[in-house]
Amino acid sequence: MKDLTPAKSDLNPIEIASRDEIASVQLARMKWSLNHAYTNVPHYKKAFDEAGVHPDDLKTLSDLSKFPFTVKQDLRNNYPFGMFAVPRERVQRIHASSGTTGQPTVVGYTAKDLENWGEVVARSLRAAGMRPGDMLHNAYGYGLFTGGLGIHLGADALGLTTIPISGGMTQRQVRLIEDFGAKGITVTPSYCLSILDEYAEQGLAPKKSPLEVGIFGAEPWTNAMRREIEDAFDMHAVDIYGLSEVIGPGVSMECVETKDGLHIWEDHFYPEIINPETGDVCEDGELGELVFTSLTKEAFPIIRYRTRDLTRLLPGTARSMRRMEKVTGRTDDMIILRGVNVFPTQIEEQLMTVPSLAPHFQIELTKGDRMDQMTIHTEPAKAGIVAESTAQAGAEELARKIKASIGITAKVLAGKVGNVPRSQGKAVRLIDNRPKD
Ligand code: DLL
């Protein structure tokens with residue numbers, strides 16, 4: 001793999017500024033953001049008043065803990081445009097969550113917001129090793145989802161040549177990567193695995209592909225998956241994180257030279273970790289729920305938004321800005337099986353250690369005689385090469401590993417190749433077939 005470390009002189013100076021400098025930018029911007037939300041969004045005025053706090057009460061960054069949280073339900077209650085802090089005419093772009101679990105969440109951006117978004121995504125792409133003039137194959141979905149268009153903004157800001165291919169039509173993805181010679185690919189890690197399968201299908205060697213870096217996010221993935229993908233394509237694999245409510249992709253980014261967690265672009269997004277049960281703010285280093293406050297957003301300021309993502313905050317390394325550890329999962333994705341908490345990423349980690357099984361998986365929950373049962377659907381590795389009996393032995397090995405490392409009994413099935421549904425975006429890791437009562 002090539003060394004893709006960016007030159008220090010190419011970075012935005014704030015990325016490597018002193019902590020004091022960063023804190024002073026944060027404090028000034030946080031005061032502005034709280035005032036902006038309070039003055040222009042009725043929801044925030046009401047919530048702050050009810051909590052007995054006023055933006056002027058913020059004297060230091062830690063005073064933020066006096067302010068109330070914002071949760072997804074607040075956004076739903078204000079559907080569609082009630083959380084906007086500028087007249088609708090000043091909103092140049094709208095994105096929305098898919099709304100599969102309820103009403104869609106709508107977010108908006110002014111011209112300045114789009115410029116800032118482009119800047120943080122450009123920083124992220126540069127941190128991944130992309131340089132002006134490089135070619136980017138952008139396979140995140142274009143549309144209401146922030147992935148495709150968000151990455152596109154940053155690619156334009158950095159001066160890349162962008163292939164706006166979006167998700168799907170996997171044969172064509174492979175063809176264009178090969179014919180055009182993209183250096184970078186932006187895609188969900190699960191869809192990258194489908195692209196990898198397609199390389200095998202077409203008899204092409206992924207190691208010989210022009211790709212030098214994959215920029216993976218929009219869903220949790222493990223370091224074990226990183227090794228799998230890096231090895232298969234002989235390219236770097238780095239993590240990009242974000243969520244629509246905070247801006248979209250580009251809230252935080254892993255640096256290609258260290259691959260040690262994701263630097264949060266703290267001059268735009270202020271992070272806190274809280275105990276999800278008590279709401280108390282945790283110390284850096286403690287595992288908890290990630291909470292964000294936007295510092296510069298005009299159209300859709302967001303104050304202490306509970307992301308439901310679990311991680312911890314760590315000091316800066318390649319950049320001065322703090323890092324977040326790779327996300328373990330969302331509080332809503334946590335499975336409680338007979339009293340044991342399990343995240344799909346823990347299953348992924350174990351699956352990657354069984355060579356006879358492919359990296360695709362899906363977890364199904366059912367009700368057994370009395371207790372909940374977990375079945376993990378997997379497939380033989382390397383279509384047609386690994387015998388079914390070998391894969392079945394691999395499935396049993398995986399069940400033993402899961403028992404030993406996580407402490408739960410799961411049934412592991414190695415079905416036929418293609419049995420596990422393939423994603424073209426975010427993978428669906430969990431199917432809950434337990435009766436609803
Ligand atoms: O997924 C934005 C995005 C697009 C990020 C492309 C990175 C790349 P939403 O659809 O609003 O936005 O979903 C946000 O996805 O709260 C996390 O639970 C999850 N997520 C996003 N990035 C990561 C990541 C986009 N790198 C939700 N690791 C977030 C783990 C991630 N989970």
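Start at 1 and go down the list; that is how both ligands and their atoms are numbered.
The distance between the ring centers of His95 and Tyr109 falls below 6.0 angstrom.
Proximity of Leu243 to ligand 1, defined as any heavy-atom pair under 4.0 Å, is shared by backbone and side chain alike.
Near Gly147, meaning under 4.0 Å from one of its heavy atoms, ligand 1 places the atoms 4 (C), 6 (C). Each of the atoms 2 (C), 3 (C), 4 (C), 5 (C), 6 (C), 7 (C), 8 (C) of ligand 1 lies under 4.0 Å from some heavy atom of Pro249. Residue-ligand proximity, Thr146 to ligand 1, at heavy-atom distances under 4.0 Å covers atoms 2 (C), 12 (O).
The existence of a salt bridge linking Arg227 and Glu230 is excluded, since no basic side-chain nitrogen approaches an acidic carboxylate oxygen closer than 4.0 Å.
Of all protein heavy atoms, the one closest to atom 19 (C) of ligand 1 is Ala218 O, 3.7 Å. Protein heavy atom closest to atom 13 (O) of ligand 1, with residue, atom name and distance, is Lys426 NZ, 2.9 Å. Among all non-hydrogen protein atoms, the one lying nearest atom 18 (O) of ligand 1 is Asp309 OD1, 2.6 Å. Closest to atom 28 (N) of ligand 1, if we only count protein heavy atoms, is Glu219 O, 3.3 Å. In this structure, atom 11 (O) of ligand 1 lies nearest to the protein heavy atom Ser244 OG, 2.6 Å. With respect to atom 2 (C) of ligand 1, the closest heavy atom belonging to the protein is Gly242 O, 3.4 Å.
Sequence neighbours left out, the pairs with a member in residues 239-256 that pass salt bridge (Lys or Arg N to Asp or Glu O under 4.0 Å) are Lys72-Glu245, Arg226-Glu254, Asp239-Lys326. The list of salt bridge (Lys or Arg N to Asp or Glu O under 4.0 Å) pairs with a residue in residues 157-172, not counting sequence neighbours, is empty.
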message: What verdict does the salt bridge (charged side-chain N to carboxylate O under 4.0 Å, His left out) test give for Asp284 and Arg322, after you've listed the backbone C-alpha separation in whole Å, the side-chain angles of each residue and the deciding distance to 0.1 Å?
response: CA-CA 9 Å; Asp284 282 8; Arg322 277 178 291 176; 3.3 Å; yes

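The side-chain heavy atoms of Lys297 and Val107, taken from C-beta on, include no pair separated by under 4.5 Å.
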